[in-house]
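Structure record follows, encoded as structure tokens.
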Amino acid sequence: MKKGLVRIITAASLLSLSLTSCSAVSQTEGEIDIPIYEGSQNEDYTTVEVTRMDLSSGEKIGAFIGYTFSDALSAAASGNLVSYNLSKYQELKEGDVIAVIDSSALDYAYRRQDIMTQAAYERYLSSGTEAARLEYEYEKSVLDAVQYQIDCYTIRAPYDCVISDAANLTEGQEIEEGTYICSVAHPDEICVYLSESVKKGEESKFKLGAKVSVNLTGNDYEGTVISVPESGAYKFDLKYTKENMFFEAPKSGPVAADSSKNVIIGFEPEVLTALLEDTPNAVVAGWATVNVTTRKMNNVLAVPMGAVSRRENAYVYIVNNGQRIQTPVVTGGTINGYTIITAGLSEGDIISASFK
């Protein structure tokens, strides 16, 4: 702690000096020496050096985390749902059975075509003619088509995936062709997206490609803004869009975020790996906090906001040889507890920062 030195100043002198200091703010950036009152030598104070620094401020916004984009799987035909046992966030391997629809209506057609195909094959073996070969290939293609129809009644995982959404269906239920079954996504296609409440003006705080901090259970992870409303910047290539003679699968399933409405934030692979290791249930919890910088200034002179006093104008106390000298300053706003100084101080000046 340092002790403030004293000088006696008359009321008239104070008024004159005050007016002089006010004029100095608008006319010069030089310092005006105004010693403090006598009788304050027992007042303790701390000092701080005036330095240049980078300052930023922001706010925390609630968001969601999940498998933002997905592929939809639908029923290939009408029928009885004989097998269906899905749960959200269930992980599947490519080829795992998702649902089975009763295909018994095709059993007779398959057996009949199988017999015809076998007979054509035997005729081809016995005669060896070109006509017999073509007949066999035709019957075999018809059999393959029937088999393909039967296969479509069994819905399988198109790739190693996670169930991002599942329809509320029960075994034994009659469903129609095209009935939505579930949505699947790659396990590493996890994004954060801002809720609809942010839409009204809030999205302007996010710039495409900007880095933001996403907080989950006390840990911060760097993310990148990959889409903002109406930008059309993020195009999702579907991994699975199956089309055949019986039905056309929907191009995408229900998605948690809409790139035309929501701000969407993605992660680099190594960041996502760390996130899931630290918080394995992040997607199940479904929530996150996005820390967005709303104001940032680099390489500015700044002092703790408590060091700046105000009457008609702002001033600080420069400490010189143990003496505190009142000095007018021009300020440029306060960010995160620091006041920016645009005139009146130089880097390296020592000022009193607080009093006890």
Subject >> side-chain contact (heavy atoms from CB on, under 4.5 Å), paired with T289, selected from V214, D220, N215, V192 >> reply: N215
Subject >> 4.5 Å side-chain heavy-atom contact, C182 and V184 >> reply: yes
Original post:
Is a donor on one side and an acceptor on the other found under 3.5 Å between the side chain of N298 and the backbone of D54?
Top reply: no
Subject >> Any I350 side-chain heavy atom under 4.5 Å of V48 side chain >> reply: no
Subject >> Expected output: side-chain Q323 to main-chain N320 donor-acceptor under 3.5 Å >> reply: no
Original post:
So, Y67 versus D165: side-chain donor-acceptor pair below 3.5 Å or not?
Top reply: no
Original post:
For A119, does its backbone N or O pair with a side-chain atom of E122 as donor and acceptor, under 3.5 Å?
Top reply: no
**OP:** Report yes if some heavy atom in the side chain of T154 is under 4.5 Å from a heavy atom in the side chain of R156; otherwise report no.
**Re:** yes
Original post:
With a 4.5 Å limit on heavy-atom distance, are the side chains of T339 and P304 in contact?
Top reply: no
Subject >> Nearest heavy-atom neighbours spanning A307 and V316 >> reply: O-CG1, 3.6 Å
Subject >> Donor-acceptor under 3.5 Å (T342 side chain, V330 main chain) >> reply: yes
Subject >> Closest contact, heavy atoms only, Y153 versus S103 >> reply: CG-CB, 3.6 Å
Original post:
Rounded to the nearest 0.5 Å, what separation is found between the CG atom of L272 and the CG atom of L276?
Top reply: 4.5 Å
Original post:
Okay, side chain of T327, backbone of I325: is any donor-acceptor separation there less than 3.5 Å?
Top reply: yes
Original post:
Does a donor on one side chain sit under 3.5 Å from an acceptor on the other, for R123 and T129?
Top reply: no
Original post:
If you look at every heavy atom in E139 and A120, which pair is closest and at what distance?
Top reply: CG-CB, 4.0 Å
Original post:
About how many Å separate OG1 of T331 and CD1 of I340, when rounded to the nearest 0.5 Å?
Top reply: 9.0 Å
Subject >> ring-ring contact (aromatic ring centres under 6.0 Å, His included) partners of residues 78-134, not counting sequence neighbours, each pair once >> reply: Y121-Y136
Subject >> Cluster overlap L169 with V97, hydrophobic side-chain contacts below 4.5 Å >> reply: no
Original post:
Is N219 close to T217 at the side-chain level, that is, under 4.5 Å between some pair of heavy atoms?
Top reply: yes
Original post:
What is the distance from atom CG of D96 to atom SG of C161, rounded to the nearest 0.5 Å?
Top reply: 8.0 Å
**OP:** List the atom of Y317, the atom of R324, and the distance in Å for their closest heavy-atom pair.
**Re:** CD1-NH1, 4.0 Å
**OP:** Could you list the residues that satisfy salt bridge (charged side-chain N to carboxylate O under 4.0 Å, His left out) with D144, not counting sequence neighbours?
**Re:** K140
**OP:** Starting from the C-alpha separation in whole Å, work towards a yes-or-no answer on side chain to side chain contact (heavy atoms under 4.5 Å, CB included) for L216 and Y221.
**Re:** CA-CA 8 Å; L216 286 168; Y221 306 92; 4.1 Å; yes
Subject >> Over 12 foreign heavy atoms within 6.0 Å of NZ, K60 >> reply: no
**OP:** Report the C-alpha separation of I226 and C191 in whole Å, then their side-chain angles, then the decisive distance to 0.1 Å, and conclude whether the side chain to side chain contact (heavy atoms under 4.5 Å, CB included) test is met.
**Re:** CA-CA 9 Å; I226 60 176; C191 294; 4.2 Å; yes
Original post:
Do I318 and M305 share a hydrophobic cluster, counting only Ile, Leu, Val, Met, Phe, Trp and Tyr and linking them when any side-chain heavy atoms are less than 4.5 Å apart?
Top reply: no
Original post:
Below 4.5 Å, heavy atoms only, C-beta onward: do V50 and L301 meet side chain to side chain?
Top reply: yes
**OP:** Indicate, with yes or no, if V300 and I335 share a hydrophobic cluster defined by side-chain heavy-atom contacts under 4.5 Å among Ile, Leu, Val, Met, Phe, Trp and Tyr.
**Re:** yes
Original post:
Judged by atom type as modelled, is there a donor-acceptor pair below 3.5 Å linking the side chain of D160 to the main-chain atoms of K93?
Top reply: no
Subject >> Donor-acceptor side-chain pairing of S164 and K88 below 3.5 angstrom >> reply: no
Original post:
What about V82 and I98, same hydrophobic cluster or not, with Ile/Leu/Val/Met/Phe/Trp/Tyr joined at side-chain heavy-atom distances under 4.5 Å?
Top reply: no
Original post:
If we only count heavy atoms from C-beta on, is the V162 to Q90 side-chain gap below 4.5 Å?
Top reply: no
**OP:** Please round to the nearest 0.5 Å and tell me the distance separating atom OG1 of T47 and atom CD1 of I351.
**Re:** 9.0 Å
Subject >> Side-chain H-bond candidate by donor/acceptor type, Q147 with D151, under 3.5 Å >> reply: yes
Original post:
Below 4.5 Å, heavy atoms only, C-beta onward: do V100 and I155 meet side chain to side chain?
Top reply: no
Subject >> Closest non-hydrogen atom pair between L55 and A302, with its separation >> reply: CD1-CB, 3.8 Å
**OP:** Consider only side-chain heavy atoms of I, L, V, M, F, W and Y, link residues closer than 4.5 Å, and tell whether L134 and L143 are in one cluster.
**Re:** no
Original post:
Just how far is it from atom CD1 of I65 to atom CD1 of I265, taken to the nearest 0.5 Å?
Top reply: 10.0 Å
**OP:** Specify the closest pair of heavy atoms between S127 and A132, including all atoms of both residues, with the distance to one decimal.
**Re:** OG-CB, 3.3 Å
Original post:
Going through the distances and angles, do I101 and I175 end up as a side chain to side chain contact (heavy atoms under 4.5 Å, CB included)?
Top reply: CA-CA 9 Å; I101 302 169; I175 60 175; 3.7 Å; yes
Original post:
Rounded to the nearest 0.5 Å, how far does CD of E171 lie from OG of S83?
Top reply: 5.5 Å
**OP:** Give a yes-or-no answer on whether the side chains of S78 and E176 include a donor-acceptor pair shorter than 3.5 Å.
**Re:** yes
